[in-house]
Amino acid sequence: MKLITWNINSVRLRLAQLQKLIEQTQADVICLQEIKAENKVFPTDELKALGFEHQAVRGMKAYNGVAILSRQPFKMIESINFAGRDDARHIAVELKGGVELHNFYVPAGGDIPDPAVNEKFAHKLQFLNELTTWSQAGKGRSRIMVGDLNIAPLPDDVWSHKQLLDVVSHTPIETDGLNKVLEVGAWCDALRQLTPAPEKLYSWWSYRSPDWEKSDRGRRLDHIWLAEHMSRQLQDGGVLKDARGWQQPSDHAPVWVDLSL
DNA sequence: ATGGTTGCATGGCAA
């Protein structure tokens with residue numbers, strides 16, 4: 001099974017790029033974040049025509065929003081509200097064989113890494129705390145966790161560890177917090193299993209760079225984690241960096257794995 | 001130190 005996670009940054013604006021991704025990868029399951037669309041305007045029929053008959057969508061107007069597309073049927077699992085908000089940041093399904101697939105869009109957290117003065121950073125930290133509890137509670141289950149976690153946990157997940165230590169997405173409180181989520185839930189970081197540090201690995205490059213590829217100031221914000229006991233089912237994977245260079249790209253590149261499920 | 005770009009929705013916020 002080829003599984004992809006992608007922060008698409010508007011599913012309606014980037015439907016053509018999603019089609020290109022499908023045609024190039026022949027993915028079986030696609031998890032999207034930041035669809036920025038209510039369910040009623042989600043391109044359900046277009047995606048069915050592309051082979052994704054089965055869709056789980058949790059959208060909202062203008063912001064956030066997550067979806068899971070699949071060629072094969074799945075069962076819905078209850079989606080969770082974190083940090084007391086119904087803001088479309090989690091959706092989950094059960095795939096064949098009873099494997100749970102959880103798709104997350106963790107809050108970005110604003111610009112100032114101080115919860116006392118930045119409510120958005122406080123929200124991110126609360127989300128992370130509740131994610132830790134959730135992660136621990138489900139330890140041992142057959143589950144996959146993907147999404148835009150908006151944290152680059154390792155020094156080699158950013159272009160400059162030193163220069164980003166006080167930049168939201170790579171501050172110690174965030175990286176320690178995400179590493180704790182990984183640890184207490186007994187997860188395997190699939191992309192780092194395949195491409196161990198210290199090799200640099202990024203999935204996001206800012207729109208604000210005049211030449212994203214040349215400056216290559218990336219961060220690894222998008223992740224695929226497998227329950228540790230499933231790690232031997234990991235066959236292959238990587239970051240589809242090419243997609244960042246497509247016409248009218250998302251600022252995130254898709255991340256993929258091949259699993260023997 | 002600052003500003004740089006994009007999407008939604010059509011002003012300004014979020015990223």
Side-chain angles (χ1 to χ4, degrees), chain A residues 5-21 31-43 46 57-67 81-90 103-115 117-128 131 146-153 157-160 162-171 173-175 178 202-223 241 243-255:
Chain A
T5 178
W6 190 25
N7 180 322
I8 193 169
N9 188 16
S10 173
V11 69
R12 286 175 292 173
L13 190 71
R14 250 173 284 286
L15 192 56
Q17 291 85 334
L18 181 54
Q19 179 172 356
K20 185 170 178 172
L21 178 71
C31 296
L32 300 173
Q33 304 86 35
E34 281 206 271
I35 62 174
K36 292 186 173 178
E38 293 178 283
N39 286 36
K40 64 183 180 188
V41 295
F42 189 82
E46 292 87 338
V57 182
R58 188 170 175 207
M60 60 182 276
K61 189 173 181 171
Y63 300 108
N64 311 334
V66 285
N81 289 332
F82 288 86
R85 302 186 193 196
D86 185 5
D87 58 354
R89 294 180 180 278
H90 171 260
N103 179 18
F104 286 94
Y105 176 53
V106 172
D111 290 329
I112 303 163
D114 180 353
V117 297
N118 174 12
E119 186 277 332
K120 290 199 278 284
F121 196 67
H123 176 218
K124 185 178 195 174
L125 295 184
Q126 188 184 343
F127 195 107
L128 201 52
L131 195 59
V146 310
D148 177 5
L149 305 184
N150 263 315
I151 298 172
D157 291 338
V158 294
W159 64 275
S160 169
K162 197 175 166 185
Q163 285 175 261
L164 288 175
L165 274 171
D166 59 352
V167 173
V168 172
S169 74
H170 195 63
T171 64
I173 192 166
E174 294 169 88
T175 57
L178 193 63
Y202 314 138
S203 66
W204 174 89
W205 293 261
S206 172
Y207 281 131
R208 296 179 189 178
S209 173
D211 187 336
W212 70 276
E213 196 167 20
K214 190 179 171 202
S215 60
D216 199 24
R217 294 186 168 190
R219 306 177 200 171
R220 189 171 71 105
L221 305 179
D222 303 275
H223 301 270
K241 190 176 173 181
R244 183 61 180 80
W246 290 349
Q247 189 170 16
Q248 197 171 38
S250 168
D251 46 354
H252 294 255
V255 175

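By convention in this document, chain letters (A, B, ...) are assigned in the order of the sequence lines, proteins followed by strands, and residues within each chain are numbered from 1.
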Among all residues two or more places apart in sequence or in another chain, which pass the salt bridge (charged side-chain N to carboxylate O under 4.0 Å, His left out) test with R244(A)? none
For a side chain to side chain contact (heavy atoms under 4.5 Å, CB included) with L128(A), tell me which candidate from L149(A), N150(A), V106(A), I151(A) qualifies. I151(A)
Considering only the [atom1] atoms, how many Å lie between [N] and [M], rounded to the nearest integer?
| N | M | atom1 | value |
| --- | --- | --- | --- |
| dA9(B) | dC13(B) | P | 16 Å |
| dA15(B) | dG4(B) | C1' | 14 Å |
| dG3(B) | dC8(B) | C1' | 22 Å |
| dG7(B) | dT2(B) | C1' | 23 Å |
| dT10(B) | dT6(B) | C1' | 15 Å |

With heavy atoms under 4.0 Å as the rule, sort R217(A) into base, sugar-phosphate or nothing. nothing
Apply side-chain contact (heavy atoms from CB on, under 4.5 Å) to K61(A) and list each qualifying residue two or more places apart in sequence or on a separate chain. E38(A)
Distance-only, no hydrogens or angles: does the N39(A) side chain make a donor-acceptor pair with backbone N or O of V57(A) under 3.5 Å? yes
Each nucleotide N or O in nucleotides 11-15 of chain B that has a protein N or O under 3.5 Å away: list the pair and distance.
{"residue": "dA14(B)", "atom": "OP2", "partner": "K120(A)", "partner atom": "NZ", "Å": "3.3"}
{"residue": "dA15(B)", "atom": "N6", "partner": "R208(A)", "partner atom": "NH2", "Å": "2.4"}
{"residue": "dA15(B)", "atom": "N1", "partner": "R208(A)", "partner atom": "NH2", "Å": "3.1"}

What is the distance from CE of M60(A) to P of dC8(B), rounded to the nearest Å? 14 Å
In whole angstroms, the gap separating C1' of dG7(B) from NZ of K61(A) amounts to 14 Å
Which residue lies more 5' along DNA chain B, comparing S209(A) with I35(A) via nearest heavy atoms: S209(A)
For D222(A) and S203(A), does a side-chain donor sit closer than 3.5 Å to a side-chain acceptor? yes
Tell me the closest heavy-atom pair linking R14(A) and I8(A), and the distance in Å. NE-O, 2.7 Å
